[in-house]
Amino acid sequence: MGEIIFLGFFILLCALGFGESFTWKVVESDTSGGAAFWPRLVMAALVICCVVRIVVILRDNEQVRKKFVFLDLFYGHRGVFLLALVLYAAAIKPLGYLIATVIFLNVIVNLMYWFARGTLGKPAFLALRTVCLCAAAYGVYYFFGSILRIMVPVGIFGI
């Protein structure tokens, strides 16, 4: 039951954020949906995921009886991920989107790989993973910046 309350809290936050996004100013000639389009899309997707999770919990009697402990979110690999996410959010403005994302992805993917396997893998696989993560970060940067023309944080290095 605690998880349902926690998910309900996320749904409430998304609803408040979604409503707040309608107060953002939009240039009249902008036909892309304005600055609030992507945050609205993310909030709607999060609400859908929360509702699906609530339905799964309610359908499974064992999940309903299972005790939800909020502090479990901060232990082990979940806590490392949340800490990395907070540090990423703090670093994105001073470092810029591209540098902060490359660092975040490489650190978190390698840490999660280590948590799952107890090793980082062979050096060649580690190098390939690093190159792929850097390429993925640049691909998203290019997609948003060049194709969708959405400004991303530049940071102190101008990247």
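This chain uses plain numbering: 1 for the first residue, then up along the sequence.
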Run the side chain to side chain contact (heavy atoms under 4.5 Å, CB included) test on Thr130 and Val109 for me, step by step, so that the C-alpha distance in whole Å, both residues' side-chain angles and the decisive distance to 0.1 Å come before the verdict.
CA-CA 9 Å; Thr130 301; Val109 167; over 6 Å; no
Taken to the nearest 0.5 Å, the spacing of Cys132 SG from Leu105 CG works out to 11.5 Å
Closest heavy-atom pair, His77 versus Met112, reported as atoms and distance to 0.1 Å, is O-CE, 3.2 Å
Is there a continuous path of hydrophobic side-chain contacts, each under 4.5 Å between heavy atoms, that joins Leu12 to Ile57?
no
Let's go through Phe10 and Val47 carefully: what are the C-alpha distance in whole Å and the side-chain angles of both, what is the deciding distance for side chain to side chain contact (heavy atoms under 4.5 Å, CB included) to 0.1 Å, and is it a yes or a no?
CA-CA 8 Å; Phe10 272 137; Val47 166; over 6 Å; no
Considering residues, nucleotides and ligands other than Trp114, do more than 12 of their heavy atoms fall under 6.0 Å from its CH2?
no
Should Asp60 and Val56 count as side-chain neighbours, where that means a heavy-atom distance under 4.5 Å?
no
Starting at SG of Cys50, measure out to CZ of Phe9 and round the result to the nearest 0.5 Å.
11.5 Å
Given the rule that I, L, V, M, F, W and Y join up when any side-chain heavy atoms are under 4.5 Å apart, are Leu41 and Val152 in one cluster?
yes
Minimum heavy-atom distance Leu148-Trp38, with the two atoms named
CD1-CZ2, 3.4 Å
Is the cationic atom of Arg40 (NZ for Lys, CZ for Arg) positioned less than 6.0 Å from the six-membered ring centroid of Phe22 and within 45 degrees of its normal?
yes
Spacing of Ile92 atom CD1 and Ile103 atom CD1 [to the nearest 0.5 Å]:
11.5 Å
Find out whether Met43 and Pro39 are in side-chain contact, i.e. whether some heavy atom of one side chain is under 4.5 Å from a heavy atom of the other.
yes
Step by step, work out the side chain to side chain contact (heavy atoms under 4.5 Å, CB included) result for Thr101 and Leu133.
CA-CA 9 Å; Thr101 302; Leu133 291 170; over 6 Å; no
Return the minimal non-hydrogen interatomic distance between Pro94 and Ala90, and the atom names on each side.
CD-O, 3.3 Å
Under 4.5 Å between side-chain heavy atoms, counting indirect links through other Ile/Leu/Val/Met/Phe/Trp/Tyr residues: same cluster for Phe157 and Val154 or not?
no
Kindly check if the number of other-residue, nucleotide or ligand heavy atoms within 6.0 Å of CZ (Phe115) is above 12?
yes
Ser146 side chain to Phe143 backbone, donor-acceptor under 3.5 Å
no
For Val102 and Asn106, run side chain to side chain contact (heavy atoms under 4.5 Å, CB included): C-alpha distance rounded to whole Å, both residues' side-chain angles, the deciding distance at 0.1 Å, then the answer.
CA-CA 6 Å; Val102 165; Asn106 279 287; 3.6 Å; yes
Rounded distance (nearest 0.5 Å) linking atom CG of Leu16 with atom CD1 of Ile11
12.0 Å
Is there a side-chain contact between Leu85 and Phe104, using heavy atoms and a 4.5 Å cut-off?
yes
Check whether any side-chain heavy atom of Leu58 sits under 4.5 Å from a side-chain heavy atom of Ile4, and report yes or no.
yes
Do the ring planes of Tyr138 and Tyr141 sit parallel (below 30°), tilted (30 to 60°) or perpendicular (above 60°)?
tilted
Take atom OH of Tyr88 as the centre, draw a 6.0 Å sphere, and report whether it contains more than 12 heavy atoms from other residues, nucleotides or ligands.
yes
Quick one: does Ser21's side chain have a donor or acceptor within less than 3.5 Å of a partner on Phe18's backbone?
yes
Check whether any side-chain N or O of Arg129 sits under 3.5 Å from a backbone N or O of Leu120 as a donor-acceptor pair, and report yes or no.
yes
Cluster check Ile108, Val140: I/L/V/M/F/W/Y, side chain < 4.5 angstrom:
yes
Grouping I, L, V, M, F, W and Y whenever their side-chain heavy atoms are under 4.5 Å apart, do Ile99 and Val131 come out in a common cluster?
no
